[in-house]
Amino acid sequence: MTPHNSARPGAFAKTVLMPGDPLRSKYIAENFLTDPVLVNNVRGVQGYTGKWKDVPVSVMASGMGMPSIGIYSWELYASYGVENIIRVGSAGALQDNINVMDLVFAQGASTNSGYVHQFNFPGDFAPIASYHLMQEGIRSAKERGVKFHVGNVYSSDNFYHPKSYDGNRALRRMGIQAIEMEAAALYTTAAYFGKRALCICTISDHLFKEEELSPEERQTGFNEMIEVALDTAAKMG
Ligand code: HPA
């Protein structure tokens, strides 16, 4: 038990998928996992454990933003023996060669968040994905023939900006693939505990091109990412 998790010890599998949205956690559990059991529903975050390809896997929402994923990932690593967290999120693309519905593997996560400054680290810590998880994730995406990109994302504390904000141009110039709001905190927390983390995002919108997804396309793109993430979890055993 933790302040935000009422699951009993051992209730979570070694690998946890984390969408931001609790309804997506429930959707993944009910539509993909075999024999899902609800293990935590404090604040409605919908944590389940079931099986994929006979391997135990859990899914639980992170909520939106770095303070939120910071809390849930900290407790899963520190109190529940979780070894691998795979964030399955959405992101806004910055580069011309990226289209909506593509996957982005966040190899690194640059950020404007203060979260990463709370670890007594001298200088700037560079939050990165677990190489092992990313390697298995990329192998899974190739096996399923899903289009993907690998690179730096930007984990932002801000979804909305004043009109005068011009930061996206600098991000694009520095090769940032996409903007999301959680990876840097997840990667930093994993590093602190010596555990593994990976953020995979489907591109839901493009910040420099007029591209939009229909609700059906959004669901198809999401399902592809979930299958890739679950295959990755199965490969981790
Ligand atoms: N910014 C931050 N997070 C996002 C975005 C965005 O433009 N699109 C999808 N998630």
Side-chain angles (χ1 to χ4, degrees), residues 17-25 27-28 45 59-73 85-116 127-129 137 141 146-189 197-226 228-229:
L17 264 59
M18 290 202 108
D21 179 353
L23 291 178
R24 292 210 142 163
S25 180
Y27 173 84
I28 294 165
V45 293
V59 55
M60 188 174 88
S62 68
M64 284 188 285
M66 285 179 269
S68 189
I69 199 165
I71 289 169
Y72 291 115
S73 59
I85 296 179
I86 305 175
R87 164 168 151 71
V88 281
S90 65
L94 289 164
Q95 303 295 334
D96 290 340
N97 66 325
I98 304 179
N99 298 310
V100 291
M101 278 187 64
D102 290 358
L103 293 192
V104 170
F105 286 88
Q107 182 180 14
S110 301
T111 188
N112 62 356
S113 173
Y115 186 92
V116 302
I128 57 168
V146 178
K147 190 174 165 213
F148 67 91
H149 308 265
V150 182
N152 212 342
V153 301
Y154 187 71
S155 303
S156 180
D157 275 344
N158 309 75
F159 187 84
Y160 296 110
H161 296 280
K163 271 203 171 66
S164 57
Y165 178 75
D166 192 28
N168 289 350
R169 232 193 281 266
L171 300 183
R172 189 165 140 97
R173 171 71 191 244
M174 294 299 280
I176 301 290
Q177 306 282 292
I179 306 182
E180 55 80 69
M181 304 185 75
E182 288 84 14
L186 173 62
Y187 288 180
T188 303
T189 309
L198 173 66
C199 167
I200 313 174
C201 288
T202 37
I203 297 302
S204 56
D205 51 289
H206 202 293
L207 299 167
F208 288 87
K209 289 197 284 189
E210 290 296 320
E211 279 196 39
E212 267 192 51
L213 280 184
S214 69
E216 297 77 37
E217 287 173 323
R218 210 174 272 262
Q219 199 58 53
T220 306
F222 181 72
N223 288 353
E224 281 178 350
M225 170 174 62
I226 296 311
V228 167

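Order of appearance sets the numbers: ligands from 1, and atoms from 1 within every ligand.
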Is it the case that ligand 1 has an N or O less than 3.5 angstrom from some N or O of Asn158?
no

Q) Hey, is ligand 1 close enough to Met181 that some N/O pair sits below 3.5 Å? A) no

shortest atom 10 (N) of ligand 1-to-protein heavy-atom contact is with Ser90 O, 3.5 Å

Ranked by distance from atom 1 (N) of ligand 1, the top protein heavy atom is Ile179 CG2, 3.7 Å

Pairing donors with acceptors under 3.5 angstrom, does anything connect the side chains of [X] and [Y]?
| X | Y | answer |
| --- | --- | --- |
| Gln219 | Tyr27 | yes |
| Glu182 | Ser155 | no |
| Asn99 | His206 | no |

Salt bridge (Lys or Arg N to Asp or Glu O under 4.0 Å) filter on Glu211, not counting sequence neighbours, yields Lys209

- Query: According to the interplanar angle, ranging from 0 to 90°, do the rings of Phe105 and Phe148 count as parallel (below 30°), tilted (30 to 60°) or perpendicular (above 60°)?
  - Reply: perpendicular

Once you measure the plane-to-plane angle for Tyr165 and His161, does it fall in the parallel (<30°), tilted (30-60°) or perpendicular (>60°) bin? parallel

Note: Ala91, heavy atoms under 4.0 Å from ligand 1, region reported as backbone

Output the list of atoms in ligand 1 that are nearer than 4.0 Å to some heavy atom of [X], sorted by atom number.
| X | answer |
| --- | --- |
| Gly92 | 5 (C), 8 (N), 9 (C) |
| Asp205 | 7 (O), 8 (N), 9 (C) |
| Ser204 | 8 (N), 9 (C) |

